[in-house]
Amino acid sequence: MKFSPEKPALTGETLDSLTARLQEQGEPVFRARQILEWVYKKRVTSWDDMTNLSKPLRTWLAETFDFMPATLVLNKHSEDVTDKLLLELRDQSLIETVIIRAPQDGVGIDHSRKTICISTQVGCAMGCVFCASGLAGLKRDLSAGEIVAQLLQVCRSEDARTPRARMELASFDNIVVMGMGEPLANYDALIRALTILNAEWGLGFGARRITISTSGLVPKILKLAEEPLGFRLAISLHGATDEVREQIMPINKAFPLAKLLPAVKTFSEKHGRMITLEFILIEDVNDSLEQAKLLRNIALDLHAHVNLIPYNTVEGLPWKRPSNTRQERFADVLRAARISVTLRREKGHDINAACGQLRLKTEKDRELAAV
Ligand code: SF4
C-alpha cells in the first residue's frame, strides 16, 4: 500500500539518486553533496536558504521535490521527560515519533540515555491484540523520505527546545525502529531510509546504534541478516510458547517459534551482536513463572538481552499490567540465570505514550470535530 505524492520527498533521495537527477539538469556532480549538506548538516528549512545555489536551480528543486513531507502538528512533552511528536503527512495521515530521554530505569542502567523511536507505517497490519497502532489496521507504508523526515523533525524540535545549543543527532544514544508499523513489512523503504540515516552525506548516525524491531517476519529477518550495514535486531516475542504467543500475536500462526528462533539465531551469528527480546508483561496472559522459565531458556540459547515492558493500558482494550511484585518475580527468574535483563518502567503515561495512542486520540478528536 503506497501513497503517490505530487512530488517525491528530498529526504528520500540518496547521494546517487540525487546526483543522477541533477546531472540530467546539466548540474555538476558535486552539486548533490552541496544540497544534502544544506539539508542534513546545516539543517536549513527552505530552498532559499541554500545560498550557494543559483536561483534557477532553487526554483527547479522547489518544483521537483517536497522539502519536508512531514509537518509537526503537536509536540507533547511529558513530566517524565518523554516527548511525542505528532506529524502530519501530505495525505493528512498522522504518525508518531517519540524522544525518550531516560528510557530504561532497570537495574544498573544509565539514566541519561537518549533514544528516538520512529514509525515505518501508518497503522499496522500485524494485529497484535494489545497494541493501539494496530487497532485500525494498516493504512499505508511510509516512504523512505517520510521515515527520514521524522528524524529531521526531531532535530528541529530539539533545536527549538534549546535554541542556544544546536542539537546533533549523534548526541542520541540509539534510534529504534519500534514505533507504529511492522518495519520489515516495508523493507525497501526502511533500508533506503536507514542508509540515508547512516551515510556520511546524510545524518551520519552509526548503524550499530540503530535497532530494528520486528514482530517476527522470518523471511525478512533472514534477508536483513544479509545486509552489509550491521543494524541491531529486536524481536517482539511477548510469549515463550506458541500457545501464549498465538493468543496475542496472529503472526505466530505463519511464523511459529520453531521458525522464528532459528532465523534469529542466524541473524545473531552473522552479525555477532546480542539481539534483544522484547516481552510485554500482561497480567494473566504471559506473566506466569512458567513463561519466565521458558523465556529464560530461549534467551540463554540465543545469548539475548531481555527487555521486559509492563503493559501500558490502552483505552478500549481489556489487558492489564501485572503488579510490581509479579513483574519483579518474573524478572528474577531471568536474573538468576545471569541473563542481561531490563525491566522498563514505561515512560510517558501522561502523554498517551503507548505506541499509537496519541495518533488514535487525535484522529478521534478530528472525527468528532467534523460531526
Ligand atoms: S505491536 Fe508492532 S507489529 Fe504488533 S500491531 Fe503493534 S505496531 Fe504492529
Side-chain angles (χ1 to χ4, degrees), residues 1 84 86-87 93-98 100 103 115-142 146-147 150 175-187 189-190 193 211-221 224 232-240 242 244-257 259-260 263-264 275-282 285-286 306-319 321 344 346-348 352-363:
M1 245 173 283
K84 280 208 129 186
L86 188 69
L87 304 173
S93 291
L94 295 169
I95 54 168
E96 294 177 13
T97 306
V98 185
I100 310 158
T115 299
I116 304 169
C117 177
I118 58 174
S119 299
T120 50
Q121 296 183 308
V122 183
C124 184
M126 294 298 134
C128 305
V129 297
F130 49 82
C131 171
S133 294
L135 275 180
L138 176 68
K139 187 169 172 193
R140 69 171 174 88
D141 288 336
L142 296 188
E146 288 168 331
I147 298 171
Q150 294 172 64
I175 291 175
V176 295
V177 191
M178 217 176 263
M180 189 169 25
E182 163 52 60
L184 297 186
N186 187 14
Y187 192 90
L190 171 76
T211 302
I212 300 169
S213 172
T214 177
S215 59
L217 289 181
V218 168
K220 296 294 168 61
I221 292 172
L224 192 66
R232 285 174 172 269
L233 181 68
I235 304 293
S236 298
L237 196 66
H238 310 324
D242 283 330
V244 168
R245 199 165 188 262
E246 225 165 274
Q247 261 183 58
I248 49 179
M249 299 184 74
I251 191 178
N252 197 72
K253 288 201 180 77
F255 301 113
L257 294 174
K259 287 187 180 166
L260 175 60
V264 177
I275 62 114
T276 298
L277 300 175
E278 305 279 348
F279 206 94
I280 290 186
L281 287 171
I282 309 175
V285 174
N286 62 359
V306 175
N307 196 13
L308 297 175
I309 310 152
Y311 182 64
N312 208 7
T313 309
V314 174
E315 203 188 313
L317 294 181
W319 317 101
R321 156 187 295 235
R344 197 169 82 190
E346 245 350 281
K347 293 290 169 188
N352 300 315
C355 175
Q357 288 187 45
L358 181 60
R359 165 182 165 257
L360 280 184
K361 186 178 179 306
T362 309
E363 280 185 346

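These figures come from a predicted structure and were not determined experimentally. Counting convention: from 1, in listed order, for ligands and their atoms alike. Along the sequence shown, the residues carry numbers beginning at 1.
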Margin query: Taking backbone and side chain together, does Cys131 place any N/O/S atom at a distance below 2.8 Å from atom 6 (Fe) of ligand 1?
Written below: yes

Check: Which atoms of ligand 1 are found less than 4.0 Å from any heavy atom of Met126?
Finding: 3 (S), 8 (Fe)

Margin query: Using a 4.0 Å cut-off to any heavy atom of Cys124, which atoms of ligand 1 qualify?
Written below: 3 (S), 5 (S), 7 (S), 8 (Fe)

Checklist line | Smallest separation among heavy atoms of Trp319 and Thr313, with atom names | finding: O-CG2, 4.3 Å

Check: Mind checking what makes side chain to side chain donor-acceptor pair (under 3.5 Å) contact with Glu182, not counting sequence neighbours?
Finding: Thr214, Ser215

Checklist line | Short side-chain donor-acceptor distance under 3.5 Å, Asn307 and Glu278 | finding: yes

Item checked: Options Gly181, Ser119, Gly216, Gly137, ranked by nearest heavy atom to atom 7 (S) of ligand 1, top entry -> Gly181

Would you list the atom pairs, donor with acceptor, under 3.5 Å between side chains in residues 246-256 and any protein atom, with sequence neighbours excluded?
residue : atom : partner : partner atom : Å
Asn252  : OD1  : Arg245  : NH1          : 2.9
Asn252  : ND2  : Asp242  : OD1          : 3.0

